[in-house]
Amino acid sequence: VMSTSTISSILSQIYYLLSGFRAPDFNSVFEHYPNEPRKFMISQRKPVTNYVRKVDEENNIYSLDGDSGIFKIKHSILMDLGKVIERSITLSPDVFRKVLIKGQSTGEDIKIEDDHHRFMKLNNDICLRSQIDCYSIDPETNLPFVFEIKSRSVCPIRYDIENYADYLDYTIQGRKGLHSSFEREYYDLIRGSFLKWSFQLKIGRMDGAFVAFHNTREMFGFEYVKSKEIERRIFGSEIYADACFQVGSKVLMLIMDSVLKDLKNEKFSMLKLGTYSCTMHKKMYVFVELFEENIRWGETDQIEQTEDVRDEVDYYTCLLYTSDAADDLLCVDLGGRRIINKKT
């Protein structure tokens with residue numbers, strides 16, 4: 001049992017490996033800037049981790065939840081603003097002001113319908129849940145269709161979210177150009193979002209994504225990107241996209257079955273599953289961390305970033321612990337967490 005955002009991160013790692021780390025299609029985008037990278041962003045290719053929780057061990061049912069990481073989030077403005085933008089688009093202006101704008105509430109008890117979902121049973125093994133943002137009627141076929149809303153901050157804010165206030169003067173000024181253009185934002189969408197979006201849209205059987213561009217203070221425009229266009233950019237065709245989705249999900253189940261089989265004699269309440277497809281070695285690495293107690297979502301002990309510990313790699317390699325076990329093992333068990341040590 002898992003959501004679209006959770007499975008899409010793992011399927012992306014599997015796709016990198018299965019496709020031979022194939023690059024997306026940048027045809028007609030950034031043609032005048034040949035030195036710009038023509039591959040997926042490093043931030044999208046980094047390792048991903050998720051929590052595997054026991055739902056019904058007797059019937060072999062598990063849930064796969066996202067992992068927010070070890071660091072406290074300093075700025076949640078993009079996440080919070082994304083929810084507000086969704087509301088501003090899906091609610092009538094009058095209801096939006098009364099419910100969400102400070103000082104304009106009338107005291108009315110206005111109920112907002114929320115959390116509409118579609119579900120998919122995949123390969124008879126996986127139950128997927130997709131949240132549906134909007135629906136409309138196709139004027140040509142007169143049939144209903146659903147689509148996703150995506151709020152998208154401009155590139156310098158995404159690159160340096162901790163100092164987002166320094167880029168409030170950055171605006172989108174035209175269609176084409178290396179910077180301050182819709183072309184730049186679309187180029188980054190191809191490199192950094194389309195792969196995950198393609199899986200999410202496919203699971204929800206959605207027609208496309210309605211993208212709203214902003215700098216947290218000002219809206220610059222909207223773009224509707226159809227699912228077929230996203231699949232063409234990433235996979236080359238709809239048929240190949242379907243094949244990658246089906247094969248990738250089966251590989252995911254093989255990984256899950258293999259991990260759980262190896263741990264059948266281990267005592268644990270949940271585990272952390274990490275996956276990483278390495279470009280250099282052309283292999284996928286799978287990491288597993290056991291937890292004796294179940295940790296509820298959002299209750300993990302997160303730490304502040306420091307100069308010495310700025311990312312997960314620093315946390316797991318530069319912090320040295322001493323223990324009798326450390327003489328023989330590459331890890332030390334601290335309250336259910338297995339901390340990887342760097343041998344010297």
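The shown structure was predicted, so the numbers you read here are calculated from the model rather than taken from an experiment. For reference, positions follow the sequence shown, starting with 1.
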Stepwise, does the side-chain contact (heavy atoms from CB on, under 4.5 Å) test hold for Thr275 with Phe287? CA-CA 6 Å; Thr275 53; Phe287 307 88; over 6 Å; no
Side chain to side chain, Arg158 and Glu185, heavy atoms closer than 4.5 Å: yes
Residues, nucleotides or ligands: over 12 heavy atoms within 6.0 Å of Ile239 CD1: no
What donor-acceptor contacts under 3.5 angstrom involve side-chain atoms of residues 252-261, with partners at least two apart or in another chain?
none

Check whether more than 12 heavy atoms from other residues, nucleotides or ligands sit under 6.0 Å from atom CG of Asp262, and answer yes or no. yes
Gly208 and Leu201 have their tightest heavy-atom pair at O-CD2, 3.5 Å
Taking the side chain as every heavy atom from C-beta outward, state whether Asp56 and Tyr62 have any atom pair closer than 4.5 Å. no
Is there a path of hydrophobic side-chain contacts, each under 4.5 Å between heavy atoms of I/L/V/M/F/W/Y residues, joining Val247 to Ile14? yes
Would a 4.5 Å heavy-atom cut-off, applied to side chains only, mark Arg184 and Glu36 as touching? yes
Nearest 0.5 Å please: distance from the CD1 atom of Ile172 over to the CE atom of Met219. 9.5 Å
Cluster link Phe119 to Met206, ILVMFWY, side chain under 4.5 Å: no
Cation-aromatic face contact Arg45/Phe40, 6.0 Å, 45 degrees: no
If you count heavy atoms of other groups shown closer than 6.0 angstrom to CG of Leu263, is the number above 12? yes
Yes or no on side chain to side chain donor-acceptor pair (under 3.5 Å) for Arg233 and Ser198, after CA distance, side-chain angles and deciding distance? CA-CA 10 Å; Arg233 290 286 184 184; Ser198 67; over 6 Å; no
Quick one, Ile190 and Val29 - any side-chain contact, counting heavy atoms below 4.5 Å? yes
Restricting to non-hydrogen atoms, name the atom on Ser151 and the atom on Gly82 that form the minimum distance, rounded to 0.1 Å. OG-CA, 3.1 Å
In this structure, CE of Met120 is separated from CD1 of Ile7 (nearest 0.5 Å) by 9.5 Å
Non-hydrogen atoms of Ser277 and Phe21 that approach each other most closely: O-CE2, 3.7 Å
Can Gln200 and Lys150 be counted as having a side-chain donor-acceptor contact under 3.5 angstrom? yes
Ring centres under 6.0 Å, that's the criterion: do Tyr33 and Phe30 meet it? yes
With a 4.5 Å heavy-atom cut-off, do Asn50 and Ser9 have their side chains touching? yes
Where does the angle between the aromatic ring planes of Phe235 and Tyr240 fall among parallel (under 30°), tilted (30 to 60°) and perpendicular (over 60°)? perpendicular
Does the ring of Phe268 carry Lys54 above it, NZ/CZ under 6.0 angstrom from centre and within 45° of its axis? yes
Nearest 0.5 angstrom please: Ile234 CD1 to Asp25 CG, how far? 9.0 Å
Decide whether Glu183 and Ser181 meet the rule of one side-chain donor and one side-chain acceptor closer than 3.5 Å. no
Hey, what do you get for NE2 (His179) to SG (Cys155), rounding to the nearest 0.5 Å? 7.0 Å
Let me confirm one number: the CG-OG1 distance from Leu271 to Thr49, rounded to the nearest 0.5 Å. 11.5 Å
Are Tyr276 and Val251 in one and the same hydrophobic cluster, where Ile, Leu, Val, Met, Phe, Trp and Tyr link if side-chain heavy atoms are under 4.5 Å apart? no
Apply side-chain contact (heavy atoms from CB on, under 4.5 Å) to the pair Phe194 and Tyr186, showing each step before the final yes or no. CA-CA 10 Å; Phe194 275 1; Tyr186 190 78; 3.8 Å; yes
Where do Leu64 and Thr6 come nearest, in terms of heavy atoms and distance? O-CG2, 3.4 Å
A side-chain contact here means heavy atoms from C-beta on lying under 4.5 Å apart; do Tyr159 and Asp188 qualify? yes
Show your working on side-chain contact (heavy atoms from CB on, under 4.5 Å) between Ile203 and Arg118 and close with a plain yes or no. CA-CA 8 Å; Ile203 293 168; Arg118 277 185 171 178; over 6 Å; no
Going through the checks in order, is the side-chain contact (heavy atoms from CB on, under 4.5 Å) test met by Lys196 and Gln44? CA-CA 9 Å; Lys196 290 182 180 179; Gln44 302 303 307; 3.8 Å; yes
Give the cluster check for Val48 versus Phe245: same hydrophobic cluster or not, with ILVMFWY residues linked at side-chain heavy-atom distances below 4.5 Å. no
Where do Glu31 and Asn27 come nearest, in terms of heavy atoms and distance? OE2-OD1, 4.2 Å
Is Glu231 paired with Lys202 through a side-chain N to carboxylate O contact shorter than 4.0 Å? yes
Donor-acceptor contact present, side-chain Ser269 to main-chain Glu292, <3.5 Å: yes
Do Phe199 and Tyr15 have ring centres separated by under 6.0 Å? no
Could you check whether atom OH of Tyr135 has more than 12 heavy atoms from other residues, nucleotides or ligands sitting under 6.0 Å from it? no
Please determine if Glu229 and Lys226 form a salt bridge, counting it only when a charged side-chain N lies under 4.0 Å from a carboxylate O. no
Heavy-atom pair with the smallest gap, counting every atom of Ile149 and Cys134: CD1-SG, 3.3 Å
Mutual orientation of the aromatic rings belonging to Tyr285 and His281 [parallel < 30°, tilted 30-60°, perpendicular > 60°]: perpendicular
Would you call Lys228-Asp207 a salt bridge at under 4.0 Å N-O? no
Heavy-atom check, side chain of Ile161 versus side chain of Tyr167, under 4.5 Å: no
Could Arg53 and Tyr51 be counted as a cation-pi pair, given that NZ or CZ must be under 6.0 Å from the ring centre and within 45° of the axis? yes
For this output row, return yes or no: ring centroids of Phe210 and Phe222 closer than 6.0 angstrom. yes
Are the side chains of Phe26 and Tyr187 in touch, meaning some heavy atoms are under 4.5 Å apart? yes
Distance (rounded to the nearest 0.5 Å) between Leu11 CG and Leu195 CG: 8.5 Å
Give a yes or no on whether the backbone of Lys46 and the side-chain of Gln13 come within a donor-acceptor separation of less than 3.5 Å. yes
Distance flag, aromatic centroids of Phe182 and Phe213, threshold under 6.0 Å: yes
Just checking, any donor-acceptor pair under 3.5 angstrom between side chains of Ser130 and Arg205? no
Report yes or no: do Ile77 and Val211 belong to one cluster of Ile/Leu/Val/Met/Phe/Trp/Tyr joined by side chain heavy-atom distances under 4.5 Å? yes
Donor-acceptor pair, Asn215 side chain versus Arg217 backbone, under 3.5 Å? yes
Counting N and O atoms only, with roles assigned by atom type, does the side chain of His214 sit under 3.5 Å from a partner on the main chain of Thr216, one being a donor and the other an acceptor? yes
